[in-house]
Each structure stands twice: as structure tokens, then as C-alpha cells.
Amino acid sequence: QLQLQESGPGLVKPSETLSLTCTVSDGSISSSTYYWAWIRQQPPGKGLECIGTIYYTGSTYYNPSLRSRVTISVDTSKNQFSLRLSSVTAADTAMYYCARSDYYSNLDPWGQGTLVIVSS
Amino acid sequence: QSALTQPPSASGSPGQSVTISCTGTSGDVGGYNYVSWYQLHPDTAPKLMIYEVSKRPSGVPDRFSGSKSGNTASLTVSGLQAEDEADYYCSSYAGSNNLLFGGGTKLTVL
């Protein structure tokens, strides 16, 4: 059964870049049927927000509210996709999740999430 | 403020039914039959409970059902069990790769 696992630093300083990686196991990230998504919950326990998605070809969609600071990339050789969020502030403190998405944004499965705190 | 509106809390006793609403607009919930519901338990991966308004993924109990009327979608949990206590979020496709979420509803089993 396909599994996803987020990894990356749990603490990032203000104005720096948040970098996370999602490793896909027991399935291929190169599937033509699915996209791969980053979602966050900020602050933890509050509402969810879709950050963006990527297709295995590298085609991306970014949430307009974050577009100027977000880069999502894919490494098919490692079966991973990654998130970079630049110029972070305390408002970017959140639980970050990765998930598989179909064309109509049904997200399944999800990773367990990783908490990122922005603080000096 | 979330794009889709959910009540912050809902509750019911074991065995009862509870319904959680998710209100959007004609540009999202009302315009597409692509509403999903997710269950979030602490320290576990979020779980897809309902997709395309009323479809249940394999493994989701049939106590969970979804529906939609106009710009409002609903999740109904029948025969409440203690393990159903969790946060529930709705989402809706809104065209052009746009995905919107609700603010979440904390379901308490009394």
C-alpha cells in the first residue's frame, strides 16, 4: 500500500527557506494518474491549506496566495518530491503534510505530517 | 478565514447520528461534484472518508455518508462510535487545479 513520509528540519529561522521532502514508498511517483500535493495546517489544529501540487513531469500548480514564495520539485529517480518556501515568518509555522492527489484533488493517502516552527 | 464554512464543533452520543455541514459557493461546492471529507486524528495521517460527494473509499465504514444540496455538502456519521471522535474537514475542487478546504469541525462523542 502506497505510503508517504515527510522529512526536513522542524525549526526554521525567520526570513530563511523552509525545505521539506516527501518520500513515496510502495508505489511509483511516476504514475500518470496522480499528482502530488503539499498541504499545511496553520497553526496546528486549525484550517487546512493546499500549498500546491506537482505532476511527475514537473508541471506544477501553486496556491496564488503563496506562489511568490513556493517551489515544488520532483525527483523521480528517488521517488520523492520536495517543497521550498522562502522568506518564512511566524505565520508559516504549521503542520506540513504531503499527499497523493487525483485530478479532482481527492487526497489519498497522506503522510503523517511534520511540524515546522518558524522562530529565531 | 477558510474558504468553505464548517461549524467548529458537533457532538452526539454513541449510537446516534450527527451531520456536519460544509458551505461554499457556486464556484466550488455548488459547481462541482468533487467534495471530499477527511478525518484527522492526532498523531496519525489524515484519512479520506468521502470523495466525489458521496463515495466511500475501500475500508471506510458505511456509517459514513455524504451528500450535497446546492452550495452545501454534508457528512453524516450514523451509529456514532468512540473512535469517530476526531476533526473533520471538507474540501472542494474549485476549477483550474484550485482546491479549497473548510475550517474543520471537531466531532465529540459524548
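Naming convention: chains lettered A, B, ... in sequence-line order (proteins, then strands); numbering from 1 in each chain.
At a 4.5 Å heavy-atom cutoff, B:Gln6 makes no contact with chain A through either its backbone or its side chain. Of the atoms belonging to A:Thr53, not a single heavy atom falls under 4.5 Å from chain B. For B:Tyr38, the part lying under 4.5 angstrom from a heavy atom of chain A is the side chain only. The contact between A:Tyr104 and chain B is made by backbone and side chain atoms together, counting heavy-atom distances below 4.5 Å.
Contact between A:Leu48 and B:Phe101 at its shortest, heavy atoms only, is O-CB, 3.4 Å.
The side-chain heavy atoms of A:Ile39 and B:Leu99, taken from C-beta on, include no pair separated by under 4.5 Å. A heavy-atom distance below 4.5 Å is not found between the side chains of A:Asp108 and B:Tyr51.
A:Val24 and A:Leu83 fall within a single hydrophobic cluster, where Ile, Leu, Val, Met, Phe, Trp and Tyr side chains are chained together by heavy-atom contacts under 4.5 Å. Hydrophobic clustering keeps A:Val88 apart from A:Met95 (ILVMFWY residues linked when any side-chain heavy atoms are closer than 4.5 Å, directly or through intermediates). In the hydrophobic cluster analysis, where Ile, Leu, Val, Met, Phe, Trp and Tyr join through side-chain heavy atoms closer than 4.5 angstrom, A:Leu85 is grouped together with A:Val12. Under the 4.5 Å side-chain heavy-atom criterion for Ile, Leu, Val, Met, Phe, Trp and Tyr, A:Tyr62 and A:Val74 are members of the same hydrophobic cluster. In the hydrophobic cluster analysis, where Ile, Leu, Val, Met, Phe, Trp and Tyr join through side-chain heavy atoms closer than 4.5 angstrom, B:Leu100 is grouped apart from A:Trp38.
Heavy-atom contacts from other residues, nucleotides or ligands closer than 6.0 Å to CZ of A:Arg67 number more than 12. For OH of A:Tyr34, the number of neighbouring non-hydrogen atoms (other residues, nucleotides, ligands) closer than 6.0 Å is 12 at most.
Contacts between residues 89-98 of chain B and chain A, counted as heavy-atom pairs separated by less than 4.5 Å, involve B:Tyr89, B:Tyr93, B:Ser96, B:Asn97, B:Asn98. Contacts between residues 40-50 of chain B and chain A, defined by a heavy-atom separation under 4.5 Å, are made by B:Leu40, B:Asp43, B:Thr44, B:Ala45, B:Pro46, B:Leu48.
Atoms CG and NZ, from B:Asp87 and A:Lys46 in turn, are 9.5 Å apart once rounded to the nearest 0.5 Å.
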